[in-house]
Structure formats: structure tokens, C-alpha cells
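Chain letters run A, B, ... following the sequence lines, proteins first, then strands; residues in each count from 1. Keep in mind that what you see is a predicted model, and the values were worked out from it rather than measured.
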Amino acid sequence: GAVVSQHPSWVICKSGTSVKIECRSLDFQATTMFWYRQFPKQSLMLMATSNEGSKATYEQGVEKDKFLINHASLTLSTLTVTSAHPEDSSFYICTGLDRVGRGYNEQFFGPGTRLTVL
Amino acid sequence: AQSVTQLGSHVSVSEGALVLLRCNYSSSVPPYLFWYVQYPNQGLQLLLKYTTGATLVKGINGFEAEFKKSETSFHLTKPSAHMSDAAEYFCAVTLGGQGGKLIFGQGTELSVKP
């Protein structure tokens with residue numbers, strides 16, 4: 001299967017600072033990437049859909065000015081958490097969409113980034 | 001709108017016993033269905049998927065699932081549980097059946113007793 005990496009794997013920051021998380025598709029071109037957030041003991045919630053060369057589409061309730069997404073190339077999407085606060089502490093997971101068969105695209109998951117805001 | 005319901009947030013079985021994790025979905029279009037496993041502090045790993053064709057799908061680590069349209073179900077089974085199967089399991093459905101947005105169930109934590 002296709003490989004997606006995330007960097008960093010974990011990050012600790014002070015409240016009020018900004019944090020950038022990178023998501024890379026290593027062996028395929030991902031025109032679409034998705035960003036999910038997972039709080040402890042909870043399921044994954046889709047935050048936004050990132051399309052290469054265009055603005056991201058945010059899910060209802062997700063602040064686009066707080067969670068800045070840039071998909072500047074076919075292999076890289078970044079999520080910047082601006083002015084982070086303790087409630088933003090979570091596990092952030094990205095996926096890359098790759099065509100694996102006729103009419104079917106599959107999401108390949110990154111390993112996740114653990115963000116802790118002090 | 002698509003949705004996924006996993007019955008039972010926590011399932012406990014003995015080693016060697018049958019594993020059955022339940023998943024029901026709601027979709028207005030033919031669904032693509034997935035089961036993922038997540039170990040602590042790790043990302044998700046695909047166990048198996050149903051897109052089209054055979055309704056009984058075999059996955060990794062001895063797991064399988066059967067798509068039953070009449071019951072709108074996609075339950076995950078494994079004949080004999082192993083200690084290493086202890087993890088969180090998520091059922092998911094795609095929106096529109098074209099590998100778009102994934103809608104996840106609430107997750108089921110599987111515990112395996114020796």
C-alpha cells in the first residue's frame with residue numbers, strides 16, 4: 001500500500017504559540033488529503049479536506065482561521081494550529097487519497113501527530 | 001446522510017475465543033466499508049475493506065467481515081482471539097462510495113484475557 005508520513009510525531013508547545021504539522025505522501029501523488037482529529041478514547045473526526053492548489057474545505061464547527069491548511073504540492077499538505085490552547089491538545093491524523101482500482105480511491109493513513117499544549 | 005454505529009464500546013473475550021465486533025451503517029448510496037485497527041498512540045491500520053463483489057471479505061491477521069445489505073451490517077469476526085488482537089477497532093464508511101470522506105464509528109475496544 002501507499003505510504004504517508006507525518007512530522008513531527010509528537011510536539012509539546014506553550015499556549016499561544018503556533019504549531020505546524022506536515023503530511024507527506026511518499027510514493028504516490030495525493031491530490032486530496034484529509035485531516036482528522038482524535039481526542040483520547042474517542043473516534044476520529046474529520047476536520048478538513050485538503051485539495052492540491054485550492055483552498056481547504058472545513059467541516060462544520062472547525063475554525064478555518066485557527067487550523068490553517070496548505071496543500072502546495074501533490075505530496076505535501078500542512079496543518080498549522082495557530083495560537084494553540086490546551087483544548088487543542090489532541091492526536092492529529094492525515095490521510096492521502098490514492099487511486100487503487102477502477103473508480104475507487106483509498107485513503108492511506110499517516111502515523112499521527114500527538115500535540116500537547118501546556 | 002451516512003453514519004456508522006458500532007455496538008459495544010468495549011468487548012472482552014478469552015484467548016482462543018471467537019471475536020465478534022458489530023457494525024451497522026446507514027447510507028443512501030452503495031457503501032464502501034472498512035475496518036481499521038489502532039494500537040495505543042499509533043495511527044490506523046486497515047484490516048479489510050468491502051468495495052464491490054464478494055460480500056465476505058478476508059483481511060489481515062485472520063480477520064474477516066461480511067457485508068449484509070439486507071441487515072445494513074458489516075460485522076468483524078475472527079475465529080480465535082490472540083493476545084495481540086487487543087486494540088481499538090473502528091468501522092468506517094465512505095461518503096458517496098468513491099473514497100471520499102470517511103465516516104467513523106465510535107470505536108470498540110477489544111480486550112483479550114489469557
Close side-chain approach of B:Gln106 and B:Ser9, heavy atoms under 4.5 Å: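 B:Gln106 does not reach B:Ser9 side chain to side chain.
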Side chains of residues 42-54 of chain A: which donor-acceptor partners sit under 3.5 Å, not counting sequence neighbours?
unit_1, atom_1, unit_2, atom_2, d
A:Ser43, OG, B:Gly105, O, 2.5
A:Ser50, OG, A:His71, ND1, 2.8
A:Ser50, OG, A:Ser77, OG, 3.2
A:Asn51, OD1, A:Thr32, OG1, 2.9
A:Ser54, OG, A:Asn51, O, 3.4

Portion of B:Gln45 that has a non-hydrogen atom of chain A nearer than 4.5 angstrom: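 For B:Gln45, no heavy atom lies under 4.5 Å from chain A.
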Which portion of B:Phe90 sits near chain A, non-hydrogen atoms under 4.5 angstrom: side chain
Mutual orientation of the aromatic rings belonging to B:Tyr36 and B:Phe34 [parallel < 30°, tilted 30-60°, perpendicular > 60°]: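 Answer is parallel, since the angle falls under 30°.
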Whether B:Phe63 and B:Tyr89 hold their rings parallel, tilted or perpendicular, with breakpoints at 30° and 60°: tilted
Backbone N/O of A:Leu76 and side chain of A:Ser73: donor-acceptor pair under 3.5 Å: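 A pair under 3.5 Å: yes.
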Portion of A:Gln6 that has a non-hydrogen atom of chain B nearer than 4.5 angstrom: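 Nothing of A:Gln6, per the 4.5 Å heavy-atom cut-off to chain B.
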By ring pair (Phe, Tyr, Trp, His ring centres under 6.0 Å) - contacts of A:Phe67 (at least two apart): none
Residues of residues 8-26 of chain A with any heavy atom under 4.5 Å of a heavy atom in chain B: none
Show the atom names and distances, to 0.1 Å, of all donor-acceptor pairs under 3.5 Å that link a side chain in residues 81-88 of chain A to residues at least two apart or in another chain.
unit_1, atom_1, unit_2, atom_2, d
A:Thr82, OG1, A:Asp65, O, 3.2
A:Thr82, OG1, A:Lys66, O, 3.0
A:His85, ND1, A:Ser83, O, 2.9
A:Asp88, OD2, A:Lys66, NZ, 2.9
A:Asp88, OD2, A:His85, N, 2.9

